[in-house]
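Worksheet: one structure, shown below.
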Amino acid sequence: MDRLIDAIEATQNPSVVGLDPTEALVPPQVVAGLADEVRDSVEDPAEAPAVQLASAFYEFNRTIIDAVAGIVPAVKPQIAMYEALGPAGVDVYTMTCDYAASRGLYVLADAKRGDIGSTAAAYAHMLTGVNGFDPWKVDAVTVNPYLGTDGITPFVDAAKESDKDLFVLVRTSNPSSSELQMLDLADGSKVYERVADLVEGWGADTIGEHGYSRVGAVVGATHPEEGKALRARMPHTFFLVPGYGAQGGTAADVRGMFDESGSGAIVNSSRGIIGAWKKDERYSPSMSADDALALVDETARAAAIRMRDDLRAVL
Ligand SMILES: O=c1ccn([C@@H]2O[C@H](COP(=O)(O)O)[C@@H](O)[C@H]2O)c(=O)[nH]1
């Protein structure tokens, strides 16, 4: 986690931009502008729509990355949006990670992996690569703890081997998260608190120079009280805090998830940054693709600066 914390200190900005492109979040003229090129390049015409959208995601992502590099320390590409498009989408995922890394950003793969130990070991190659080849080029991956310790250990081992990190779901931001996470256990604690204790333990022998381990926790901005309590309960665990912006979380909500020196957490916003162009009255469907991307660039940068300044104001 030291590299992430150093990058946060360098930018004075504990926020991460989520790269969650969808067809609705990419200006349609950018997608349409790729039609001829894609039609000429695919072997099977049936693939064209997915390849075209994937190519548009890549142009869009590069615009966002160029807009926020130097302002934010990190990006969080959400793999679901890319996997939905099949091989072309997965290619664009790795290209996006590579491009973000080339712009000096810490890349947090939101993939929410989790399985029995032997399969988790295969998923954990997302951190180490295979036989000396790393196709992913990410700095961290999100992991689902539902399978318990043997589903997590391969990721911890891979993180140690590759000098990378993982973030384990503890208290998620979504509306139904309480169905399981808030259940009472026999000892009076809640399920998410038990997960929190496990996460603190999984990272115990990986604590870095800044006092945080390689095993981070995902704690939703939509749960300010529990987030504050978790900060005290997990003194060596760095938090990834989604749920800011589009899901309703605010800077005041996430304040308690930081430690007394203003470190200990990084806050994600995806749609709030990459979809900012949609709320700008200058956007017009008759704009050229280049003009639409210029607006994406300007509005994403402005939204990232606004979020940074809002967080700075409470820290
Ligand atoms: O508890 C969780 C865990 C992960 N996420 C992911 O974060 C982003 C949030 O996107 P917004 O557009 O900023 O709402 C998305 O990739 C989720 O899958 C989360 O929201 N909550």
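As the structure lists them, so they are numbered: ligands from 1, and atoms in each ligand from 1. Treat the numbers as computed from the prediction; the structure is a model and nothing was measured.
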Any carboxylate oxygen within less than 4.0 angstrom of a Lys/Arg side-chain nitrogen, looking at [X] and [Y]?
X: Asp197; Y: Arg233; result: yes
X: Arg39; Y: Asp36; result: yes
X: Asp115; Y: Arg113; result: no

Is it the case that [X] and [Y] place a side-chain donor and acceptor less than 3.5 Å from each other?
X: Asp66; Y: Tyr99; result: yes
X: Ser261; Y: Ser263; result: no
X: Thr96; Y: Asn61; result: yes
X: Ser178; Y: Arg171; result: yes

Starting from [atom], which protein heavy atom do you reach first, and at what distance in Å?
atom: atom 15 (C) of ligand 1; answer: Asp20 OD2, 3.1 Å
atom: atom 9 (C) of ligand 1; answer: Gln247 NE2, 3.5 Å
atom: atom 10 (O) of ligand 1; answer: Ser270 OG, 3.2 Å
atom: atom 18 (O) of ligand 1; answer: Gln78 NE2, 3.0 Å

Self-check item: Contact with ligand 1 for Asn174, non-hydrogen, under 4.0 angstrom
Solution: no

Quiz item: Touching ligand 1 at all, Met81? Heavy atoms, strictly under 4.0 Å?
Solution: no

Using a 4.0 Å cut-off to any heavy atom of [X], which atoms of ligand 1 qualify?
X: Asn268; answer: 7 (O), 8 (C), 9 (C), 13 (O)
X: Pro242; answer: 1 (O), 2 (C), 3 (C), 4 (C), 5 (N), 7 (O), 19 (C), 20 (O), 21 (N)
X: Thr172; answer: 1 (O)
X: Arg271; answer: 11 (P), 12 (O), 13 (O), 14 (O)
X: Ser173; answer: 1 (O), 2 (C), 19 (C), 20 (O), 21 (N)
X: Lys76; answer: 6 (C), 7 (O), 8 (C), 15 (C), 16 (O)
X: Ser269; answer: 13 (O)

Quiz prompt | Part of Asp110 within contact of ligand 1 (heavy atoms, under 4.0 Å) | solution = side chain

Exercise. May I have all residue pairs that pass side chain to side chain donor-acceptor pair (under 3.5 Å) and include part of residues 305-315, sequence neighbours excluded?
Key: none

Exercise. Please test Asp290 against Ser288 for side-chain hydrogen bond (donor to acceptor under 3.5 Å, both in side chains), starting from the C-alpha separation and ending with a verdict.
Key: CA-CA 5 Å; Asp290 284 348; Ser288 70; 5.5 Å; no

